[in-house]
Asker: 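One structure, pasted below without further comment.
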Amino acid sequence: MQTIKTDSLTSEEKISVILGELFQSFGYVRYNMTKFEEYSLYGENKDFLSNGNVITFLSGDGKMLALRPDVTLSILKNTNATKINSEKVFYIEKVYRYDKETKSFKEISQAGVEMLGNVDRASIAEIVVMALNSLSALSDDFVLDISNISFVKGMFDGYGIDMSLRRTLTKFLKDKNLHEVDNLVSQNMISDEFASAFKTLISISDKPVAALEKMKKLIVTDEMQKAYEEMSELFDVLKGGKDIEKIRIDFSVESDFNYYTDIVFCGYIAEMPKAVLKGGRYDALAYKMKKDIGALGFAVYVGDAANVRHSAPKAITVILSDGDTKGVFGAAQKLRAKGERVRIARNMPKDVAIDKIYRYDDGKLTEVKND
Amino acid sequence: MINIALPKGRLGEKVYQRLASAGYASKDILSDTRKLVFTSDDGSVSYFWVKPSDVAIYVEKGAADIGVVGKDILLEYKPDVYEILDLDMGKCKMAVAAKNGYVDDKSSTLKVATKFINIAKDYYEKQNRQIELIKLHGSIELAPILGMSDVIVDIVETGKTLKENDLSVIADICYISTRLIANKASYKFKKDEVDTIKERLK
């Protein structure tokens, strides 16, 4: 059987293969789906998508369909997982989303995993390890930020913060904006005590041990205590593993409280200016879709990662020839057998980088200087 | 090395002075006005001058690790960046202004001229007010004078321009000042350097 020479794959395809192999090694199975989905799925869960704009069209039988802007919703809709029988799937798919910057639709390549059913501590640790391994496959220099929504919610509850103020404060948390928290104090909208605790929360961006120390001092409710213990246990399981020093506890990880619960995370590689991996636990979304299961997963933005890892195509060898077809074919095959990439051409090609040039004349190859 | 995007113009120069006195001076930055990139004398930071409204783009895209930008730009374009410090400079407010004596007719669609489409939209959406937005790029004050709009949404510093044009503020939207922003990914990898600059600027 022939082996696959990965040189012919694009960076995006290579990354997809690497991640696919990685996900499979954890016993996840590939989930394939069509590019179309009934529009109603997105209409009902508009807030889950960062932008409700989707490409829609009518099918032959009059159904409103959409080009899929998201994979998670489709997997969740179709899952047969229960709290007893879990499903672990991975996907490598394209999604179509509206890009507010260019005001047009964009094709986005994603590879990701979803764990549906009984989300226990072992599966949370497993997903975190898979996220670390995915980042490590993309770059030598990476960071995985982990946050816990229940801890933040618990703090809001503990200090009796009302719903409209929570939105504002969550934005400050996401932006690491300390100064506007002070402004709220001077407007008497929050107490000094809460402001000081919340500012500590915003400032946390540390390795697990140091961060957990800081978190411990902030606990004022049972929910926070529970979230703290969960995080603590998670890092206890992970302790000593590969790349654990790349984890930071950081509460600026963006997450919608309506869909996510407990752990959320976000991965960065040094070569890319924005997050390359996003994920978390979304039991609340599953519940909204009337599925009584736990749900956890992440997606890697394969297309973006490929753009920063893009390498120029390798140069080829050219044989210039204008006669003796049989002879030149044979000469080219001999070079190909040695592993060279060979193109036969009448004139010098302009569409490709050239390594070596030969001229085929009188039954033999003569190397020509490449100017 | 930390890349810093500074807004061209008076405010950018003032911010540079603050950075210079915080230990990040560059000998030739203010002398050569055509050059766009400068390195600090100690080699720890690199500055570049960009159009004020582009600072957030340079930072969001990671071309600059940090940048200096007005809160108005952050509110209008909502870039995905960390807003790490209020530099307490360039203070002004975003306000709604109209011709002196203007009376709002709440039964009709309000015509709003502005440079800040999103800020205006957010403000009136919260009030459930039907509006017609007119996007302008400058001389906003002209719109109500010529009857093209009922009101304008714009930055008000001293109110002098409004006064000279027989206009006045009818509602404040929010207070604006200059902010230090950071790219989210580079903050992960250069946190100590960025935090040092932030502390020295405080």
Asker: Answer yes or no: does atom NZ of A:Lys274 have more than 12 heavy-atom neighbours from other residues, nucleotides or ligands under 6.0 Å?
Answerer: no
Asker: What are the two closest non-hydrogen atoms of A:Val143 and B:Phe189, and how far apart are they?
Answerer: CG2-CE2, 3.7 Å
Asker: Is it the side chain or the backbone of B:Lys202 that comes within 4.5 Å of chain A heavy atoms, both, or neither?
Answerer: neither
Asker: How long is the gap from CD1 on A:Ile202 to OH on B:Tyr82, to the nearest 0.5 Å?
Answerer: 11.0 Å
Asker: Under a 4.5 Å cut-off applied to non-hydrogen side-chain atoms, are A:Phe142 and B:Lys188 in contact?
Answerer: no
Asker: Between A:Lys174, A:Met272, A:Glu254, which residue shows the highest count of heavy-atom pairs closer than 4.5 Å to chain B?
Answerer: A:Lys174
Asker: Under 4.5 Å from any heavy atom of chain B, what part of A:Lys176 do you find: side chain, backbone, both or neither?
Answerer: both
Asker: Closest heavy-atom contact between B:Lys191 and A:Ser205?
Answerer: CE-CB, 3.6 Å
Asker: Where does B:Tyr187 contact chain A at under 4.5 Å (heavy atoms): side chain, backbone, both or neither?
Answerer: side chain
Asker: Using a 6.0 Å cut-off, check whether atom CG of A:Asp192 has over 12 heavy atoms from anything other than its own residue.
Answerer: no
Asker: Decide if atom CD of B:Glu13 counts as having more than 12 heavy atoms of other residues, nucleotides or ligands within a radius under 6.0 Å.
Answerer: yes
Asker: Does B:Asp154 have any salt bridge (charged side-chain N to carboxylate O under 4.0 Å, His left out) partners at least two apart in sequence or in another chain, and if so, which?
Answerer: none
Asker: Can you say whether A:Ala270 sits under 4.5 Å from chain B via the side chain, the backbone, both, or neither, judging by heavy atoms?
Answerer: both
Asker: What do you reckon, is NZ of B:Lys135 surrounded by more than 12 foreign heavy atoms closer than 6.0 Å?
Answerer: yes
Asker: How many angstroms lie between CG in B:Asp195 and OG in A:Ser203, if you round to the nearest 0.5 Å?
Answerer: 9.0 Å
Asker: Counting heavy-atom pairs under 4.5 Å to chain A, which of B:Lys78, B:Glu60, B:Lys61, B:Glu83 comes out on top?
Answerer: B:Glu83
Asker: Sequence neighbours left out, what passes salt bridge (charged side-chain N to carboxylate O under 4.0 Å, His left out) with B:Asp54? Give chain and number order.
Answerer: none
Asker: What distance do A:Asn177 atom CG and B:Ile181 atom CD1 have between them, rounded to the nearest 0.5 Å?
Answerer: 12.0 Å
Asker: Atom NZ in B:Lys184, atom CG in A:Asp175: separation rounded to 0.5 Å?
Answerer: 6.0 Å
Asker: More than 12 heavy atoms of other residues, nucleotides or ligands under 6.0 Å from NZ of A:Lys214: is that the case?
Answerer: yes
Asker: More than 12 heavy atoms of other residues, nucleotides or ligands under 6.0 Å from CG of B:Asp42: yes or no?
Answerer: yes
Asker: Side chain from CB out, backbone as N, CA, C, O: work out which of these in B:Val81 comes under 4.5 Å of a heavy atom of chain A, or both, or neither.
Answerer: backbone
Asker: Would you indicate whether B:Tyr58, at its atom OH, is surrounded by more than 12 heavy atoms from other residues, nucleotides or ligands within a distance under 6.0 Å?
Answerer: no
Asker: Go through the atoms of B:Asp86 and report whether side chain, backbone, both or neither lie under 4.5 Å from a heavy atom of chain A.
Answerer: both
Asker: Suppose a student defines contact as a heavy atom less than 4.5 Å from any heavy atom of chain B. Which residues in residues 178-186 of chain A would they list?
Answerer: A:Leu178, A:His179, A:Glu180
Asker: For B:Tyr102, enumerate each residue passing the ring pair (Phe, Tyr, Trp, His ring centres under 6.0 Å) test, keeping only those at least two apart in sequence or located in another chain.
Answerer: none
